[in-house]
Peer 1: 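One structure coming up, written as C-alpha coordinates, with questions to follow.
The figures that follow rest on heavy atoms only: side chains count, while hydrogens, waters and symmetry mates do not.
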Amino acid sequence: MTRTAALAATMLFGAGIGGASAESRVALVIGQAAYRAVPALPNPVNDAKAIGAMLGDAGFEVTEAADLSQNELRAKVGDFAATVAAKGPDTVALLFYAGHGIQVDGENYLIPVDIDPKREADIPLQAVRLNDVLNTLGSVPSRTRIIMLDACRNNPFPRINKTTGQGLALVDTKSGAPGTLLSYSTSPGAEAEDGGGTNSPYTAALLKAGRESGLKIEDTLKRVRLAVNQATEGRQTPWESSSLVDDFHFFAAAATPPPAPGDNPAPRPRTVEEWRSFLKGKPVDQANALIVSDGSADAYEAFVGLYAEPPFAPDAKRWLDRHRRMQAWNRAVLANTGSAYTTFLAEYPDSDLTVTARKLADRLRNRPDNAVVVPAALATPVVAAVAPTCPCGPATPLLQQKVEPKKTDGKKTKSRAERDDPPKRGKKASRTRVYVEDEEDDVVVRRPPIYDAPSGPVIQFGGGFRGGYGGPSRGGDNYSPSRGRY
(Lines give C-alpha, C1' and ligand atoms only; values in the text may rest on other atoms or scores of the structure.)
Protein backbone atom coordinates (compact mmCIF):
# COMPACT_ATOMS: atom_id res chain seq x y z
CA MET A 1 0.00 0.00 0.00
CA THR A 2 1.38 3.40 -0.95
CA ARG A 3 1.75 6.15 1.61
CA THR A 4 -1.11 8.11 -0.01
CA ALA A 5 -3.42 5.10 0.03
CA ALA A 6 -2.53 4.39 3.65
CA LEU A 7 -3.34 7.97 4.64
CA ALA A 8 -6.66 7.80 2.79
CA ALA A 9 -7.54 4.54 4.54
CA THR A 10 -6.68 6.05 7.91
CA MET A 11 -8.88 9.07 7.21
CA LEU A 12 -11.74 6.90 6.04
CA PHE A 13 -11.52 4.70 9.12
CA GLY A 14 -11.32 7.75 11.37
CA ALA A 15 -14.49 9.15 9.83
CA GLY A 16 -16.27 5.82 9.42
CA ILE A 17 -19.71 5.33 7.99
CA GLY A 18 -21.24 7.02 11.01
CA GLY A 19 -18.23 9.01 12.13
CA ALA A 20 -16.75 6.52 14.61
CA SER A 21 -13.07 6.97 15.38
CA ALA A 22 -10.44 4.26 15.77
CA GLU A 23 -10.77 3.87 19.52
CA SER A 24 -13.27 1.55 21.18
CA ARG A 25 -16.49 3.34 22.11
CA VAL A 26 -19.00 2.04 24.64
CA ALA A 27 -22.02 3.81 26.11
CA LEU A 28 -24.58 3.18 28.84
CA VAL A 29 -27.81 5.11 28.27
CA ILE A 30 -30.38 5.22 31.08
CA GLY A 31 -33.87 6.73 31.11
CA GLN A 32 -35.72 6.90 34.43
CA ALA A 33 -39.40 7.81 34.01
CA ALA A 34 -41.80 5.40 35.77
CA TYR A 35 -41.22 6.51 39.36
CA ARG A 36 -43.46 4.61 41.75
CA ALA A 37 -43.82 7.11 44.61
CA VAL A 38 -44.09 10.32 42.55
CA PRO A 39 -45.59 11.25 39.16
CA ALA A 40 -43.86 9.73 36.15
CA LEU A 41 -41.68 11.90 33.90
CA PRO A 42 -42.81 12.09 30.27
CA ASN A 43 -39.48 12.45 28.46
CA PRO A 44 -36.52 10.53 29.97
CA VAL A 45 -37.21 7.27 28.13
CA ASN A 46 -37.66 9.18 24.87
CA ASP A 47 -34.46 11.09 25.59
CA ALA A 48 -32.50 7.91 26.28
CA LYS A 49 -33.72 6.17 23.11
CA ALA A 50 -32.88 9.17 20.92
CA ILE A 51 -29.42 9.61 22.44
CA GLY A 52 -28.79 5.87 22.15
CA ALA A 53 -29.59 6.01 18.44
CA MET A 54 -27.24 8.96 17.90
CA LEU A 55 -24.43 7.25 19.79
CA GLY A 56 -24.94 4.07 17.79
CA ASP A 57 -24.55 6.07 14.59
CA ALA A 58 -21.39 7.61 16.09
CA GLY A 59 -19.78 4.19 16.49
CA PHE A 60 -20.65 3.42 20.10
CA GLU A 61 -21.56 -0.01 21.37
CA VAL A 62 -24.68 1.08 23.25
CA THR A 63 -26.41 -0.53 26.23
CA GLU A 64 -29.84 0.96 26.93
CA ALA A 65 -31.77 0.61 30.17
CA ALA A 66 -34.93 2.16 31.56
CA ASP A 67 -36.78 2.46 34.87
CA LEU A 68 -34.12 0.84 37.04
CA SER A 69 -34.39 0.11 40.73
CA GLN A 70 -31.46 0.92 43.03
CA ASN A 71 -29.98 -2.57 42.78
CA GLU A 72 -30.47 -2.63 39.02
CA LEU A 73 -28.89 0.81 38.59
CA ARG A 74 -25.85 -0.20 40.64
CA ALA A 75 -25.54 -3.46 38.72
CA LYS A 76 -25.75 -1.68 35.34
CA VAL A 77 -22.97 0.72 36.29
CA GLY A 78 -20.84 -2.15 37.57
CA ASP A 79 -21.40 -4.18 34.40
CA PHE A 80 -20.62 -1.12 32.29
CA ALA A 81 -17.33 -0.55 34.14
CA ALA A 82 -16.43 -4.21 33.58
CA THR A 83 -17.14 -3.77 29.85
CA VAL A 84 -14.89 -0.70 29.75
CA ALA A 85 -12.12 -2.64 31.50
CA ALA A 86 -12.45 -5.51 29.02
CA LYS A 87 -12.21 -3.13 26.04
CA GLY A 88 -8.87 -1.78 27.21
CA PRO A 89 -7.22 1.57 27.99
CA ASP A 90 -8.00 3.16 24.59
CA THR A 91 -11.73 3.08 25.27
CA VAL A 92 -14.09 6.04 25.28
CA ALA A 93 -16.80 5.41 27.91
CA LEU A 94 -19.96 7.53 27.85
CA LEU A 95 -22.80 7.46 30.37
CA PHE A 96 -26.03 9.33 29.61
CA TYR A 97 -28.64 9.55 32.37
CA ALA A 98 -32.09 11.13 32.09
CA GLY A 99 -34.35 11.23 35.12
CA HIS A 100 -34.45 12.70 38.60
CA GLY A 101 -31.28 13.72 40.41
CA ILE A 102 -31.03 15.64 43.67
CA GLN A 103 -28.46 16.88 46.15
CA VAL A 104 -28.52 16.16 49.88
CA ASP A 105 -25.88 17.57 52.25
CA GLY A 106 -23.75 18.60 49.28
CA GLU A 107 -23.82 15.14 47.70
CA ASN A 108 -25.44 14.41 44.33
CA TYR A 109 -27.65 11.34 43.90
CA LEU A 110 -29.19 9.61 40.88
CA ILE A 111 -32.72 8.53 41.74
CA PRO A 112 -33.92 4.93 41.12
CA VAL A 113 -37.59 4.39 40.32
CA ASP A 114 -38.24 2.35 43.49
CA ILE A 115 -37.26 5.12 45.90
CA ASP A 116 -39.74 6.39 48.49
CA PRO A 117 -37.92 8.65 50.97
CA LYS A 118 -39.67 9.88 54.08
CA ARG A 119 -36.74 12.02 55.22
CA GLU A 120 -33.41 13.26 53.86
CA ALA A 121 -31.54 10.45 55.63
CA ASP A 122 -33.33 7.95 53.37
CA ILE A 123 -31.70 9.30 50.20
CA PRO A 124 -28.17 7.91 50.81
CA LEU A 125 -29.74 4.53 51.61
CA GLN A 126 -32.16 4.36 48.68
CA ALA A 127 -30.45 6.30 45.87
CA VAL A 128 -27.13 5.97 43.99
CA ARG A 129 -24.41 8.47 44.78
CA LEU A 130 -22.94 10.25 41.75
CA ASN A 131 -19.45 10.11 43.27
CA ASP A 132 -19.73 6.32 43.41
CA VAL A 133 -20.47 6.25 39.70
CA LEU A 134 -17.54 8.56 38.96
CA ASN A 135 -15.19 6.52 41.15
CA THR A 136 -16.29 3.25 39.58
CA LEU A 137 -15.69 4.49 36.03
CA GLY A 138 -12.47 6.21 37.07
CA SER A 139 -11.08 3.01 38.61
CA VAL A 140 -10.82 1.19 35.27
CA PRO A 141 -8.26 2.17 32.59
CA SER A 142 -9.83 4.15 29.75
CA ARG A 143 -8.89 7.04 27.51
CA THR A 144 -11.95 9.23 28.04
CA ARG A 145 -14.96 9.19 30.36
CA ILE A 146 -18.00 11.33 29.46
CA ILE A 147 -20.93 11.59 31.87
CA MET A 148 -23.98 13.52 30.64
CA LEU A 149 -26.74 14.15 33.18
CA ASP A 150 -30.17 15.35 32.13
CA ALA A 151 -30.98 15.00 35.81
CA CYS A 152 -31.37 18.44 37.37
CA ARG A 153 -35.17 18.41 37.38
CA ASN A 154 -37.07 19.60 40.44
CA ASN A 155 -36.99 17.55 43.64
CA PRO A 156 -40.28 15.59 43.40
CA PHE A 157 -40.44 14.36 47.00
CA PRO A 158 -42.74 16.64 49.02
CA ARG A 159 -41.40 15.55 52.43
CA ILE A 160 -37.86 16.74 51.69
CA ASN A 161 -38.03 19.18 48.77
CA LYS A 162 -38.20 22.21 51.09
CA THR A 163 -34.94 21.43 52.87
CA THR A 164 -32.60 20.09 50.16
CA GLY A 165 -30.79 22.43 47.81
CA GLN A 166 -32.08 23.03 44.30
CA GLY A 167 -30.63 21.11 41.37
CA LEU A 168 -27.27 19.39 41.73
CA ALA A 169 -24.17 20.44 43.66
CA LEU A 170 -21.06 21.51 41.80
CA VAL A 171 -18.52 18.76 41.01
CA ASP A 172 -15.03 19.60 39.77
CA THR A 173 -13.70 16.77 37.59
CA LYS A 174 -10.15 18.11 37.99
CA SER A 175 -10.15 16.59 41.50
CA GLY A 176 -10.63 13.12 40.03
CA ALA A 177 -9.12 10.99 37.28
CA PRO A 178 -7.84 12.95 34.24
CA GLY A 179 -9.77 12.41 31.04
CA THR A 180 -13.25 13.02 32.47
CA LEU A 181 -16.01 15.35 31.27
CA LEU A 182 -19.17 15.88 33.32
CA SER A 183 -22.07 17.72 31.67
CA TYR A 184 -25.17 18.96 33.51
CA SER A 185 -28.38 19.89 31.72
CA THR A 186 -28.34 23.15 33.69
CA SER A 187 -25.94 25.01 35.96
CA PRO A 188 -25.26 23.75 39.52
CA GLY A 189 -27.92 24.86 41.96
CA ALA A 190 -30.52 25.36 39.22
CA GLU A 191 -33.40 23.21 37.99
CA ALA A 192 -33.84 21.88 34.46
CA GLU A 193 -37.10 21.59 32.55
CA ASP A 194 -38.53 18.33 31.25
CA GLY A 195 -39.81 20.13 28.17
CA GLY A 196 -43.16 20.26 26.45
CA GLY A 197 -42.13 18.28 23.38
CA THR A 198 -40.85 14.76 22.78
CA ASN A 199 -37.47 15.53 24.35
CA SER A 200 -36.13 17.76 27.09
CA PRO A 201 -34.48 21.04 25.99
CA TYR A 202 -31.01 19.66 26.82
CA THR A 203 -31.47 16.40 24.93
CA ALA A 204 -33.08 18.15 21.94
CA ALA A 205 -30.09 20.51 21.67
CA LEU A 206 -27.59 17.67 22.13
CA LEU A 207 -29.24 15.61 19.39
CA LYS A 208 -28.82 18.49 16.95
CA ALA A 209 -25.34 19.72 17.89
CA GLY A 210 -23.97 16.24 18.49
CA ARG A 211 -24.55 15.17 14.88
CA GLU A 212 -22.52 18.04 13.40
CA SER A 213 -19.35 16.60 11.89
CA GLY A 214 -15.93 17.75 12.97
CA LEU A 215 -16.96 19.42 16.25
CA LYS A 216 -14.92 18.76 19.35
CA ILE A 217 -17.15 17.91 22.28
CA GLU A 218 -16.31 21.23 23.95
CA ASP A 219 -17.65 23.07 20.89
CA THR A 220 -20.67 20.76 20.76
CA LEU A 221 -21.54 21.66 24.35
CA LYS A 222 -21.09 25.38 23.65
CA ARG A 223 -23.81 25.08 21.01
CA VAL A 224 -25.95 23.05 23.40
CA ARG A 225 -25.60 25.76 26.06
CA LEU A 226 -26.71 28.53 23.74
CA ALA A 227 -29.58 26.52 22.23
CA VAL A 228 -31.00 25.53 25.64
CA ASN A 229 -30.61 29.06 27.00
CA GLN A 230 -32.51 30.49 24.04
CA ALA A 231 -35.19 27.76 24.04
CA THR A 232 -35.94 28.37 27.74
CA GLU A 233 -35.64 32.18 27.51
CA GLY A 234 -32.68 32.21 29.87
CA ARG A 235 -34.20 29.96 32.55
CA GLN A 236 -31.82 27.06 31.89
CA THR A 237 -28.16 27.06 30.88
CA PRO A 238 -26.20 23.77 30.72
CA TRP A 239 -22.82 23.54 32.44
CA GLU A 240 -19.85 21.21 32.36
CA SER A 241 -16.55 20.49 34.08
CA SER A 242 -13.75 18.90 32.10
CA SER A 243 -10.36 17.33 32.69
CA LEU A 244 -10.14 15.87 29.18
CA VAL A 245 -6.64 15.27 27.85
CA ASP A 246 -7.63 14.03 24.37
CA ASP A 247 -9.89 15.47 21.71
CA PHE A 248 -13.24 13.78 21.20
CA HIS A 249 -15.73 14.15 18.35
CA PHE A 250 -19.06 12.39 18.10
CA PHE A 251 -18.68 12.50 14.31
CA ALA A 252 -15.25 13.27 12.85
CA ALA A 253 -14.88 15.36 9.72
CA ALA A 254 -14.41 13.00 6.77
CA ALA A 255 -11.72 15.06 5.05
CA THR A 256 -9.66 15.97 8.11
CA PRO A 257 -7.08 13.52 9.52
CA PRO A 258 -7.02 13.26 13.31
CA PRO A 259 -4.62 15.80 14.88
CA ALA A 260 -1.38 14.58 16.38
CA PRO A 261 -1.06 14.79 20.17
CA GLY A 262 -0.14 18.33 21.13
CA ASP A 263 -1.58 19.91 17.97
CA ASN A 264 -4.16 22.68 18.32
CA PRO A 265 -3.69 23.26 22.06
CA ALA A 266 -6.68 24.65 23.89
CA PRO A 267 -6.69 28.45 23.91
CA ARG A 268 -5.97 30.22 27.18
CA PRO A 269 -9.21 31.35 28.86
CA ARG A 270 -9.84 35.10 28.74
CA THR A 271 -9.60 37.12 31.92
CA VAL A 272 -12.40 39.46 33.03
CA GLU A 273 -10.54 42.44 31.58
CA GLU A 274 -9.99 40.66 28.27
CA TRP A 275 -13.68 39.78 28.12
CA ARG A 276 -14.61 43.41 28.76
CA SER A 277 -12.41 44.55 25.87
CA PHE A 278 -13.79 41.80 23.63
CA LEU A 279 -17.45 42.50 24.40
CA LYS A 280 -17.33 46.29 24.51
CA GLY A 281 -19.33 47.89 21.72
CA LYS A 282 -21.03 44.67 20.58
CA PRO A 283 -24.84 44.51 20.37
CA VAL A 284 -26.24 43.17 23.62
CA ASP A 285 -27.81 40.05 22.05
CA GLN A 286 -24.52 39.15 20.36
CA ALA A 287 -22.57 39.73 23.58
CA ASN A 288 -25.04 37.58 25.53
CA ALA A 289 -24.71 34.73 23.03
CA LEU A 290 -20.92 34.88 23.35
CA ILE A 291 -20.85 34.65 27.14
CA VAL A 292 -23.53 31.93 27.29
CA SER A 293 -21.57 29.83 24.80
CA ASP A 294 -18.37 30.31 26.78
CA GLY A 295 -20.01 29.53 30.11
CA SER A 296 -17.25 30.96 32.32
CA ALA A 297 -17.69 33.15 35.39
CA ASP A 298 -15.20 35.68 33.98
CA ALA A 299 -17.31 36.10 30.84
CA TYR A 300 -20.49 36.62 32.87
CA GLU A 301 -18.77 39.08 35.21
CA ALA A 302 -17.58 41.18 32.29
CA PHE A 303 -21.05 41.12 30.69
CA VAL A 304 -22.80 42.16 33.91
CA GLY A 305 -20.42 45.09 34.24
CA LEU A 306 -21.05 46.29 30.69
CA TYR A 307 -24.74 45.57 30.14
CA ALA A 308 -26.97 46.40 33.09
CA GLU A 309 -30.35 46.55 31.36
CA PRO A 310 -32.94 43.89 30.52
CA PRO A 311 -33.63 41.59 28.81
CA PHE A 312 -30.33 39.71 29.30
CA ALA A 313 -28.69 41.36 32.31
CA PRO A 314 -31.05 39.94 35.00
CA ASP A 315 -30.52 36.35 33.86
CA ALA A 316 -26.76 36.85 33.62
CA LYS A 317 -26.66 38.35 37.10
CA ARG A 318 -28.69 35.44 38.53
CA TRP A 319 -26.35 32.95 36.83
CA LEU A 320 -23.26 34.67 38.22
CA ASP A 321 -24.67 34.96 41.76
CA ARG A 322 -25.75 31.30 41.76
CA HIS A 323 -22.37 30.17 40.40
CA ARG A 324 -20.50 32.04 43.14
CA ARG A 325 -22.85 30.61 45.77
CA MET A 326 -22.33 27.06 44.53
CA GLN A 327 -18.55 27.55 44.53
CA ALA A 328 -18.73 28.76 48.13
CA TRP A 329 -20.95 25.78 49.01
CA ASN A 330 -18.50 23.40 47.38
CA ARG A 331 -15.66 24.84 49.47
CA ALA A 332 -17.70 24.40 52.65
CA VAL A 333 -18.64 20.81 51.77
CA LEU A 334 -15.04 19.87 50.99
CA ALA A 335 -13.81 21.39 54.27
CA ASN A 336 -16.72 19.77 56.15
CA THR A 337 -16.17 21.72 59.38
CA GLY A 338 -18.54 23.72 61.52
CA SER A 339 -16.68 26.95 60.83
CA ALA A 340 -16.78 26.30 57.06
CA TYR A 341 -20.57 26.04 57.10
CA THR A 342 -20.82 29.05 59.42
CA THR A 343 -18.70 31.06 56.98
CA PHE A 344 -21.01 30.03 54.15
CA LEU A 345 -24.05 31.12 56.18
CA ALA A 346 -22.45 34.50 56.91
CA GLU A 347 -21.91 35.07 53.19
CA TYR A 348 -25.24 33.59 52.05
CA PRO A 349 -27.67 33.81 54.98
CA ASP A 350 -30.82 33.33 52.92
CA SER A 351 -30.65 30.73 50.14
CA ASP A 352 -32.02 27.30 49.30
CA LEU A 353 -28.95 25.85 51.08
CA THR A 354 -29.48 27.71 54.36
CA VAL A 355 -31.34 24.88 56.11
CA THR A 356 -28.72 22.32 55.10
CA ALA A 357 -25.80 24.55 56.09
CA ARG A 358 -27.31 25.21 59.53
CA LYS A 359 -27.96 21.50 60.05
CA LEU A 360 -24.40 20.53 59.13
CA ALA A 361 -22.88 23.35 61.22
CA ASP A 362 -24.90 22.17 64.22
CA ARG A 363 -23.95 18.55 63.60
CA LEU A 364 -20.24 19.43 63.62
CA ARG A 365 -20.33 21.97 66.46
CA ASN A 366 -18.37 19.72 68.84
CA ARG A 367 -15.75 18.66 66.33
CA PRO A 368 -12.53 20.74 66.36
CA ASP A 369 -11.68 22.40 63.05
CA ASN A 370 -7.94 21.90 63.50
CA ALA A 371 -8.06 18.12 63.83
CA VAL A 372 -4.80 16.53 62.69
CA VAL A 373 -4.52 13.16 60.97
CA VAL A 374 -1.86 10.99 62.65
CA PRO A 375 0.75 9.74 60.16
CA ALA A 376 0.75 5.99 59.57
CA ALA A 377 4.19 5.58 61.16
CA LEU A 378 2.90 7.02 64.46
CA ALA A 379 -0.56 5.50 64.45
CA THR A 380 -1.65 2.97 67.03
CA PRO A 381 -2.96 -0.37 65.75
CA VAL A 382 -6.23 0.18 63.85
CA VAL A 383 -8.66 -1.88 61.86
CA ALA A 384 -7.91 -1.88 58.13
CA ALA A 385 -10.23 -3.00 55.35
CA VAL A 386 -9.10 -5.60 52.85
CA ALA A 387 -10.89 -5.04 49.55
CA PRO A 388 -12.34 -7.96 47.60
CA THR A 389 -10.53 -8.85 44.40
CA CYS A 390 -13.45 -10.01 42.29
CA PRO A 391 -14.12 -7.39 39.56
CA CYS A 392 -17.66 -8.50 38.89
CA GLY A 393 -20.95 -8.81 40.71
CA PRO A 394 -22.16 -7.00 43.82
CA ALA A 395 -19.48 -5.98 46.28
CA THR A 396 -19.01 -8.39 49.17
CA PRO A 397 -18.61 -7.12 52.76
CA LEU A 398 -15.08 -5.94 53.48
CA LEU A 399 -13.04 -8.30 55.61
CA GLN A 400 -11.67 -6.81 58.81
CA GLN A 401 -8.26 -7.59 60.18
CA LYS A 402 -6.26 -6.02 62.96
CA VAL A 403 -3.00 -4.36 62.00
CA GLU A 404 -0.32 -5.02 64.59
CA PRO A 405 3.08 -3.29 64.66
CA LYS A 406 5.80 -5.58 63.32
CA LYS A 407 8.52 -6.61 65.72
CA THR A 408 11.92 -5.57 64.44
CA ASP A 409 14.38 -6.80 67.14
CA GLY A 410 16.44 -3.71 66.49
CA LYS A 411 16.66 -4.34 62.75
CA LYS A 412 15.69 -1.71 60.24
CA THR A 413 12.28 -2.38 58.77
CA LYS A 414 11.29 -1.58 55.23
CA SER A 415 8.59 0.98 54.55
CA ARG A 416 5.32 -0.08 52.96
CA ALA A 417 6.39 1.59 49.71
CA GLU A 418 9.66 -0.41 49.72
CA ARG A 419 7.84 -3.67 50.43
CA ASP A 420 5.30 -3.08 47.66
CA ASP A 421 7.77 -1.94 44.98
CA PRO A 422 7.80 -4.23 41.92
CA PRO A 423 10.23 -7.12 42.62
CA LYS A 424 13.31 -7.87 40.64
CA ARG A 425 13.08 -10.15 37.62
CA GLY A 426 12.18 -13.71 38.50
CA LYS A 427 10.32 -12.93 41.72
CA LYS A 428 6.59 -13.16 42.17
CA ALA A 429 4.78 -9.90 41.44
CA SER A 430 3.36 -8.15 44.49
CA ARG A 431 0.12 -6.29 44.75
CA THR A 432 0.07 -2.55 45.26
CA ARG A 433 -2.14 -1.21 48.04
CA VAL A 434 -2.88 2.50 47.99
CA TYR A 435 -3.91 3.67 51.47
CA VAL A 436 -5.64 6.93 52.29
CA GLU A 437 -5.63 8.17 55.87
CA ASP A 438 -8.63 9.89 57.31
CA GLU A 439 -9.65 10.95 60.78
CA GLU A 440 -13.05 10.49 62.31
CA ASP A 441 -13.42 11.69 65.90
CA ASP A 442 -9.69 11.23 66.75
CA VAL A 443 -9.62 7.70 65.31
CA VAL A 444 -7.23 7.11 62.43
CA VAL A 445 -8.84 5.07 59.69
CA ARG A 446 -6.68 3.71 56.91
CA ARG A 447 -8.75 2.95 53.84
CA PRO A 448 -7.65 1.31 50.57
CA PRO A 449 -9.83 3.16 48.01
CA ILE A 450 -8.44 1.08 45.15
CA TYR A 451 -6.94 -2.39 45.40
CA ASP A 452 -4.97 -3.04 42.23
CA ALA A 453 -4.86 -6.83 41.99
CA PRO A 454 -3.34 -8.90 39.16
CA SER A 455 -6.82 -10.29 38.40
CA GLY A 456 -8.07 -6.89 37.27
CA PRO A 457 -9.71 -3.74 38.61
CA VAL A 458 -12.15 -3.84 41.47
CA ILE A 459 -15.63 -2.56 40.72
CA GLN A 460 -17.01 -1.25 43.98
CA PHE A 461 -19.12 1.63 45.20
CA GLY A 462 -17.99 4.03 47.90
CA GLY A 463 -15.24 6.60 48.48
CA GLY A 464 -14.89 10.06 47.07
CA PHE A 465 -14.58 13.49 48.59
CA ARG A 466 -17.90 15.08 49.43
CA GLY A 467 -18.49 17.54 46.62
CA GLY A 468 -15.65 16.04 44.59
CA TYR A 469 -14.47 12.52 43.97
CA GLY A 470 -11.44 10.31 43.96
CA GLY A 471 -10.50 10.15 47.65
CA PRO A 472 -11.72 9.29 51.13
CA SER A 473 -15.35 9.79 52.03
CA ARG A 474 -16.17 12.26 54.78
CA GLY A 475 -19.66 11.51 55.94
CA GLY A 476 -20.54 9.57 52.80
CA ASP A 477 -21.10 5.82 52.75
CA ASN A 478 -18.88 5.13 55.77
CA TYR A 479 -20.40 5.88 59.15
CA SER A 480 -19.10 9.06 60.70
CA PRO A 481 -20.06 9.67 64.36
CA SER A 482 -19.50 13.38 63.90
CA ARG A 483 -21.95 13.46 60.98
CA GLY A 484 -24.36 11.05 62.66
CA ARG A 485 -25.17 9.06 59.53
CA TYR A 486 -23.87 6.43 57.14
Peer 1: Verify, without hydrogens or angle tests, whether R143 (side chain) and D246 (backbone) share a donor-acceptor contact under 3.5 angstrom.
Peer 2: no
Peer 1: What are the two closest non-hydrogen atoms of A34 and A40, and how far apart are they?
Peer 2: CA-CB, 4.3 Å
Peer 1: Are any of the side-chain heavy atoms of L95 and V133 separated by less than 4.5 Å?
Peer 2: yes
Peer 1: I'd like to check R145 versus V84 (side-chain heavy atoms, cut-off strictly below 4.5 Å). Are they in contact?
Peer 2: no
Peer 1: Could you walk me through whether Y184 and D150 satisfy the side-chain hydrogen bond (donor to acceptor under 3.5 Å, both in side chains) test, starting with their C-alpha distance in whole Å, then the side-chain angles of each, then the deciding distance to 0.1 Å, before giving a yes or no?
Peer 2: CA-CA 6 Å; Y184 287 175; D150 198 352; over 6 Å; no
Peer 1: When rounded to the nearest 0.5 angstrom, what distance separates CG in L360 from CG in N336?
Peer 2: 7.0 Å
Peer 1: Between the side chain of N108 and the main-chain N/O of A169, is any donor-acceptor distance below 3.5 Å?
Peer 2: yes
Peer 1: Measure across Y202 and Q236 and return the closest heavy-atom pair with its distance rounded to 0.1 Å.
Peer 2: CB-NE2, 4.3 Å
Peer 1: For S241 and T173, run side-chain hydrogen bond (donor to acceptor under 3.5 Å, both in side chains): C-alpha distance rounded to whole Å, both residues' side-chain angles, the deciding distance at 0.1 Å, then the answer.
Peer 2: CA-CA 6 Å; S241 176; T173 60; 3.2 Å; yes
Peer 1: Assess the residue pair E240 and R225 against the criterion (side-chain contact (heavy atoms from CB on, under 4.5 Å)); give the C-alpha distance rounded to whole Å, side-chain angles, the decisive distance to 0.1 Å, and a yes or no.
Peer 2: CA-CA 10 Å; E240 71 266 358; R225 262 198 303 275; 2.6 Å; yes
Peer 1: Under the side-chain hydrogen bond (donor to acceptor under 3.5 Å, both in side chains) criterion, do N199 and D47 qualify, and how do the steps go?
Peer 2: CA-CA 6 Å; N199 299 115; D47 295 339; 2.9 Å; yes
Peer 1: Walk me through it: do R36 and D116 pass the test side-chain contact (heavy atoms from CB on, under 4.5 Å)?
Peer 2: CA-CA 8 Å; R36 301 171 191 173; D116 187 15; over 6 Å; no
Peer 1: Are any non-hydrogen side-chain atoms of L353 and M326 less than 4.5 angstrom apart?
Peer 2: yes
Peer 1: Give a yes or no answer on whether the side chain of Y300 reaches the backbone of H323 with a donor-acceptor pair at less than 3.5 Å.
Peer 2: no
Peer 1: Is any side-chain N of the basic residue among D90 and K87 closer than 4.0 Å to the acidic one's carboxylate O?
Peer 2: no
Peer 1: Return the minimal non-hydrogen interatomic distance between D67 and Q32, and the atom names on each side.
Peer 2: N-OE1, 3.0 Å
Peer 1: S187 versus W319: any side-chain heavy-atom pair under 4.5 Å?
Peer 2: yes
Peer 1: Is the closest side-chain heavy-atom distance between Q166 and R322 below 4.5 Å?
Peer 2: no
Peer 1: With the side chain counted from C-beta on, respond yes when T337 and R367 share a heavy-atom pair under 4.5 Å apart, and no when they do not.
Peer 2: no
Peer 1: What's the spacing between L170 CG and Q103 CD if we round to 0.5 Å?
Peer 2: 10.0 Å
Peer 1: Start with the C-alpha distance between S296 and D294, add both sets of side-chain angles, then the distance that settles side-chain hydrogen bond (donor to acceptor under 3.5 Å, both in side chains), and finish with yes or no.
Peer 2: CA-CA 6 Å; S296 70; D294 183 75; 2.5 Å; yes
Peer 1: Rounded at 0.5 Å granularity, tell me how far CG in D172 sits from OG in S242.
Peer 2: 10.0 Å
Peer 1: For T144 and L181, run side-chain contact (heavy atoms from CB on, under 4.5 Å): C-alpha distance rounded to whole Å, both residues' side-chain angles, the deciding distance at 0.1 Å, then the answer.
Peer 2: CA-CA 8 Å; T144 300; L181 183 143; over 6 Å; no
Peer 1: Would you call the rings of Y341 and W329 parallel, tilted or perpendicular, taking 30° and 60° as the class edges?
Peer 2: tilted
Peer 1: Mark yes or no for whether T83, through its side chain, and D79, through its backbone, hold a donor-acceptor pair below 3.5 Å.
Peer 2: yes
Peer 1: With a 4.5 Å heavy-atom cut-off, do T220 and E212 have their side chains touching?
Peer 2: no
Peer 1: Checking side-chain contact (heavy atoms from CB on, under 4.5 Å) for the pair E107/I123: CA distance, chi angles, key distance, verdict?
Peer 2: CA-CA 10 Å; E107 290 273 16; I123 296 295; over 6 Å; no
Peer 1: Measure the acute angle between the ring planes of F248 and F250, then classify it against the limits of 30° and 60° as parallel, tilted or perpendicular.
Peer 2: perpendicular
Peer 1: Give, for atom CE of M54 and atom CG of L207, the distance between the pair rounded to the nearest 0.5 Å.
Peer 2: 6.0 Å
Peer 1: Quick test of your reading of the model: are R153 and D194 salt-bridged, counting only N-O distances below 4.0 Å?
Peer 2: yes
Peer 1: Quick check for you: to the nearest 0.5 Å, what is the distance between L110 atom CG and I30 atom CD1?
Peer 2: 7.5 Å
Peer 1: So, for K222 and S293, which heavy atoms are closest and what is the spacing to 0.1 Å?
Peer 2: CG-O, 3.1 Å
Peer 1: I need the minimum non-hydrogen distance between A151 and S185, along with the two atoms involved.
Peer 2: N-OG, 3.8 Å
Peer 1: Hey, can you tell me if F157 and H100 have their rings parallel, tilted or perpendicular (30° and 60° cut-offs)?
Peer 2: tilted
Peer 1: Could you tell me if the side chain of V140 sits less than 4.5 Å from the side chain of T91, heavy atoms only?
Peer 2: no
Peer 1: How far does CD1 of I147 sit from OG of S183, to the nearest 0.5 angstrom?
Peer 2: 10.0 Å
Peer 1: I need the minimum non-hydrogen distance between F80 and L28, along with the two atoms involved.
Peer 2: CE1-N, 3.6 Å
